[in-house]
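What follows is a set of notes on a single structure, which appears directly below.
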Amino acid sequence: MKHKHRMLKIVTLSVLILIGLAFGAFFTVMHLVWSFNPANVPAITANPVEIGQVFSVSQFRSGSGHDYSYGAWDGETCRSMKHYFNYSQNNVNNQPVRSHPDPGESDIMIYAPFDGTIKSVTAEHTPIGKQVRLVSAKNQAYYVRLFHIDLLPGLKVGSKVSSGQQIGTIGPKDGTDISYEASYRFGKTIYLSIFDYMTPTAFAPYADLGKKPGDFVLSRQQADQNHYTCNGEEFTQQVSNNSTPQGYVSLRPNPYASAEQSVHNNECSLPVDQRPPGCSH
């Protein structure tokens, strides 16, 4: 009986220790995201997209692309809480396909914006590339999502990468989306702009073009005043012209502008209910 009693005590103690460790781990993680402190946000120490081939970047909180504000911790809705790098899209039969370099061109390189670990690689809703989630080594509550990229061979879930390390590519005529997020309490998400947390070294190529970090970020008040309207993920009042769509910051002339305008004109010749945003009816 004494032996059984001792064993029962040992088992009970072991279970309590495991429960304690589990709760400790849970609350350690939750402590990271229980309250938002900008000082705890890991810096963006490298540009995630090859700047020499970026001609345009969408603003944080713009009405371009798709509404990306689901479950925002501060209640913001109907705005794009991420950045689109370039807006070219290579289409065949009105379906996006990966572009390939013509003579004199090269793919656009994608880099890790900070030291971290690849936590997930998932299929996109379009046939172009994968969505890669990279968690910061400095603070695991924070992560960057890289959309529609082709991950380099040898990299996978669990791979550790260094800031500035090339991790993937997109085609020369393609674009990518990049979000900076943290999982907040009660299933909410903190959405951040990478430009608000770029180091001066990382931002230098933009500064050389005469840009400031604030050029790429709309305030909440500015976004509210723009009165975006949404239908699910889609903005219903996107505006564009022949040069730079509304909500984008132009870095240099778009080398594919004439080809894009040709595609735009062809799409705008479709029946009214099939035309994309930006066509006059």
Side-chain angles (χ1 to χ4, degrees), residues 48-49 56-98 110 119-134 143-150 170 173-184 186-195 216-220 222-241 244-249 260 263-264 267-268 270-279 281:
V49 184
S56 192
V57 182
S58 74
Q59 295 170 305
F60 188 76
R61 295 192 178 93
S62 75
S64 296
H66 295 280
D67 172 25
Y68 194 76
S69 61
Y70 178 79
W73 72 297
D74 54 1
E76 292 194 64
T77 60
C78 192
R79 56 205 52 183
S80 179
M81 310 285 272
K82 60 178 175 177
H83 295 280
Y84 291 85
F85 285 72
N86 293 348
Y87 47 85
S88 292
Q89 183 109 358
N90 196 47
N91 288 287
V92 174
N93 296 326
N94 210 32
Q95 291 296 317
V97 295
R98 177 65 77 214
I110 304 297
K119 284 296 185 180
S120 65
V121 179
T122 56
E124 292 280 19
H125 65 281
T126 69
I128 298 181
K130 302 289 184 183
Q131 182 186 134
V132 177
R133 184 166 64 96
L134 178 63
Y143 51 91
V144 164
R145 294 186 191 272
L146 303 151
F147 294 78
H148 308 294
I149 75 167
D150 295 329
I170 59 176
K173 299 179 180 66
D174 302 333
T176 183
D177 329 350
I178 296 175
S179 68
Y180 194 10
E181 307 172 25
S183 298
Y184 197 58
F186 308 126
K188 299 294 185 180
T189 300
I190 297 171
Y191 294 100
L192 307 167
S193 168
I194 60 173
F195 289 97
F216 301 94
V217 181
L218 296 176
S219 69
R220 181 170 185 171
Q222 287 174 311
D224 288 344
Q225 291 173 346
N226 284 336
H227 302 294
Y228 308 130
T229 56
C230 294
N231 180 10
E233 287 188 6
E234 302 292 333
F235 291 104
T236 56
Q237 291 183 334
Q238 287 187 343
V239 178
S240 62
N241 54 39
T244 302
Q246 185 182 56
Y248 277 81
V249 176
E260 281 187 347
V263 170
H264 177 79
E267 289 179 339
C268 288
L270 293 170
V272 172
D273 61 347
Q274 298 178 32
R275 294 177 189 174
C279 295
H281 299 310

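- In this structure, Glu181 pairs ionically with Arg145, as a charged nitrogen and a carboxylate oxygen lie closer than 4.0 Å.
- Under a cutoff of 6.0 Å and an axis angle of 45°, Lys82 and Phe147 form a cation-pi pair.
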Original post:
What's the verdict on side chain to side chain contact (heavy atoms under 4.5 Å, CB included) for Ser179 and Tyr68, showing C-alpha distance, side-chain angles and the deciding distance?
Top reply: CA-CA 9 Å; Ser179 68; Tyr68 194 76; 3.6 Å; yes
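- At a cut-off of 3.5 Å, with distance as the only test, a side-chain donor of His83 or Ser193 sits close to an acceptor on the other residue.
- Between the Thr176 side chain and the Leu146 main chain, no donor and acceptor come within less than 3.5 Å of each other.
- With 3.5 Å as the limit, one finds no donor-acceptor pair spanning the side chains of Gln131 and His148.
- Side-chain contact check for Val217 versus Gln59: every heavy-atom pair is 4.5 Å or farther apart.
- Of all heavy-atom pairs spanning Cys78 and Ser69, the tightest one is N-OG, 3.2 Å.
- Between Asp174 and Asn86, the closest side-chain pair of non-hydrogen atoms is not below 4.5 Å.
- A donor-acceptor contact shorter than 3.5 Å is absent between the side chain of Tyr248 and the backbone of Tyr87.
- Taking every heavy atom of both residues into account, Arg98 and Asp150 meet most closely at NE-OD2, 2.9 Å.
- The two residues Phe60 and Leu192 come nearest to each other via the heavy atoms CE1-O, 3.3 Å.
- Looking at every heavy atom in both residues, Gly175 comes nearest to Ile170 through C-CD1, 3.8 Å.
- With a 4.5 Å cut-off on side-chain heavy atoms, Phe186 and Trp73 do not count as touching.
- Of the possible donor and acceptor atoms, one in the side chain of Ser219 sits under 3.5 Å from a partner among the backbone N and O of Gln222.
- Counting heavy atoms from C-beta outward, Leu134 and Tyr143 have side chains that stay 4.5 Å or more apart.
- With sequence neighbours left out, Tyr84 forms a ring pair (Phe, Tyr, Trp, His ring centres under 6.0 Å) with no residue at all.
- Nearest heavy-atom pair, Leu218 versus Tyr228, reported as atom, atom and distance to 0.1 Å: CD1-OH, 3.6 Å.
- Note on Arg79 versus Asp224: salt bridge recorded, some NZ/NE/NH1/NH2 to OD/OE distance being below 4.0 Å.
- Evaluation of the salt bridge (Lys or Arg N to Asp or Glu O under 4.0 Å) test over residues 56-70, restricted to residues two or more places apart or in two chains, returns Arg61-Glu76.
- Between Pro96 and Ile128, the shortest heavy-atom contact is CB-CD1, 3.5 Å.
- With sequence neighbours excluded, the residues satisfying ring pair (Phe, Tyr, Trp, His ring centres under 6.0 Å) with Phe216 are Phe195, Tyr206.
- To the nearest 0.5 Å, the span separating CG on Asp177 from OG on Ser80 amounts to 7.5 Å.
- The closest side-chain heavy-atom distance from Met81 to Tyr180 is not below 4.5 Å.
- Of the N and O atoms on the side chains of Thr236 and Thr229, at least one donor lies less than 3.5 Å from an acceptor on the other residue.
- A distance of 11.0 Å separates OH in Tyr70 from CD in Glu233, rounded to the nearest 0.5 Å.
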